[in-house]
Amino acid sequence: MNFMEKKVSSVLFVGRFQPFHLGHLHAVKYILKKANEIVIVVGSAQYSHTLENPFTAGERITMIRLALNGAEIDPAVYCTIPVPDVNVHKVWVAHVSAYTPNFDKVFTNEPLTSRLFKEAGFKVEGVPFFDRDIYSATEIRRRILANENWMQLVPKTVARFIMKIHGPDRIIELNQTDKPSSVKKA
């Protein structure tokens, strides 16, 4: 940040965090260089126990807390709020705003989230990707299914938590089917 830039007060960062990985941690650190506090929205909060959304909102909030505490990020500068989907794009921003404290800006790289917040009059800024080809929740879930090393892609505290709740077993079981010759992918 150059000396002419001023930190904004509070910003919003939306994600599903299925699971929270090192790319997310990198994004939070980047955002906190530009803001005094961050409201982390755990989106699609009502979904869990599917291949795309294997973890509950509570588990995802725990992952975020563990990762940020492990990175020595002061809990006073962030809050984590679960927000369920409404599946009506025109009212989604108002829905998110109803769940969260006030915020001055939104950080996102997701095109629909960006468009909806811009149309609602919010300032939106992208976050530089951190090795996006490997730091992706989809890649982590794929590696779990392929029995490949996924733990290197998440903070150590998150890896321990996922193992504690038997997350890999859950994802593997969710991939099973009772139909012959059918294979699901994360």
Side-chain angles (χ1 to χ4, degrees), residues 1-2 5-45 47 51-55 57 59-83 96 100 103-118 122-163 167-168 171 185-186:
M1 180 166 74
N2 78 40
E5 287 184 71
K6 181 183 171 195
K7 278 188 169 185
V8 293
S9 178
S10 183
V11 299
L12 195 75
F13 180 47
V14 181
R16 286 186 305 116
F17 311 111
Q18 289 280 10
F20 190 88
H21 54 68
L22 290 170
H24 293 132
L25 181 58
H26 179 76
V28 168
K29 288 178 178 180
Y30 171 83
I31 293 167
L32 284 172
K33 289 178 185 174
K34 297 179 160 249
N36 293 320
E37 63 181 24
I38 182 172
V39 177
I40 302 171
V41 169
V42 175
S44 302
Y47 298 120
L51 280 176
E52 188 175 50
N53 296 290
F55 303 107
E59 290 166 342
R60 292 180 273 160
I61 289 168
T62 299
M63 289 178 207
I64 294 166
R65 182 181 47 80
L66 289 169
L68 299 187
N69 287 349
E72 298 182 354
I73 295 174
D74 183 355
V77 302
Y78 70 89
C79 66
T80 310
I81 300 174
V83 177
V96 170
T100 61
F103 53 92
D104 305 307
K105 189 182 232 182
V106 178
F107 281 84
T108 184
N109 290 327
E110 204 282 314
L112 178 59
T113 300
S114 178
R115 171 65 17 220
L116 293 175
F117 275 104
K118 284 177 185 174
F122 287 94
K123 294 177 193 161
V124 177
E125 183 176 328
V127 181
F129 282 121
F130 178 66
D131 291 336
R132 179 68 167 148
D133 54 327
I134 61 167
Y135 293 113
S136 126
T138 302
E139 174 63 11
I140 293 164
R141 296 189 309 269
R142 185 201 67 75
R143 286 186 182 198
I144 288 170
L145 288 172
N147 197 27
E148 296 173 5
N149 186 351
W150 60 271
M151 289 187 191
Q152 66 190 19
L153 305 181
V154 300
K156 288 179 178 34
T157 55
V158 172
R160 283 193 295 270
F161 177 74
I162 290 172
M163 293 305 292
I171 291 169
K185 296 182 180 180

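Arg160 meets the salt bridge (Lys or Arg N to Asp or Glu O under 4.0 Å) test with no other residue; sequence neighbours excluded. The ring-ring contact (aromatic ring centres under 6.0 Å, His included) test applied to Phe13 returns Phe17, not counting sequence neighbours. With sequence neighbours left out, Arg65 forms a side chain to side chain donor-acceptor pair (under 3.5 Å) with no residue at all.
The two residues Phe117 and Val106 have their closest heavy-atom pair at CD2-CG2, 3.6 Å. Pairing each heavy atom of Ser9 with each of Asp104, the nearest pair is CB-OD2, 3.1 Å. The shortest non-hydrogen separation linking Ile140 to Pro19 is CG2-CG, 3.9 Å. Closest heavy-atom contact between Thr100 and Ile81: CA-CD1, 3.9 Å. Across every non-hydrogen atom of Gly126 and Tyr30, the tightest pair is O-CE2, 4.2 Å. Nearest heavy-atom pair, Arg16 versus Val42, reported as atom, atom and distance to 0.1 Å: O-CG1, 4.3 Å.
When side chains are defined from C-beta on, Pro155 counts as touching Leu22, because their heavy atoms get closer than 4.5 Å. Proximity of Glu52 to Gln18: side-chain heavy atoms (C-beta onward) are nowhere separated by under 4.5 Å. In this structure, the side chains of Val158 and Leu25 stay at 4.5 Å or more apart for every pair of heavy atoms. Taking the side chain as every heavy atom from C-beta outward, Glu125 and Lys34 approach each other to under 4.5 Å. Thr108 places none of its side-chain heavy atoms less than 4.5 Å from the side chain of Val14. The shortest distance between side-chain heavy atoms of Met63 and His24 does not fall below 4.5 Å. Annotation: side chain of Arg143 is in contact with side chain of Leu153 (closest heavy-atom distance under 4.5 Å). Between Ile61 and Pro82, some side-chain heavy-atom pair lies under the 4.5 Å cut-off.
Residue Asn147 places its CG atom among 12 or fewer non-hydrogen atoms of other residues, nucleotides or ligands, all under 6.0 Å distant.
Listed by first and then second residue, the salt bridge (Lys or Arg N to Asp or Glu O under 4.0 Å) pairs involving residues 146-155 are Arg142-Glu148 (not counting sequence neighbours). Residue pairs satisfying the ring-ring contact (aromatic ring centres under 6.0 Å, His included) criterion with at least one member in residues 132-161, sequence neighbours excluded, are listed as follows: Phe130-Tyr135.
To the nearest 0.5 Å, the span separating OG1 on Thr138 from NE2 on His21 amounts to 8.0 Å. Here OG1 of Thr62 is found 11.5 Å from CZ of Phe55. Values are rounded to the nearest 0.5 Å.
Side-chain N or O atoms of Arg141 include one that pairs as donor or acceptor with a backbone N or O of Leu51 at under 3.5 Å. Of the possible donor and acceptor atoms, none in the side chain of Asn36 sits under 3.5 Å from a partner among the backbone N and O of Ser10.
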Identify each donor-acceptor pair in which a side-chain atom of residues 70-78 lies under 3.5 Å from a protein atom, sequence neighbours left out, and give them as a table.
residue : atom : partner : partner atom : Å
Asp74   : OD1  : Ala76   : N            : 2.9
Tyr78   : OH   : Asn69   : OD1          : 3.4

- Query: Run the side chain to side chain contact (heavy atoms under 4.5 Å, CB included) check on Leu68 and Thr80 step by step: do they pass?
  - Reply: CA-CA 11 Å; Leu68 299 187; Thr80 310; 5.6 Å; no
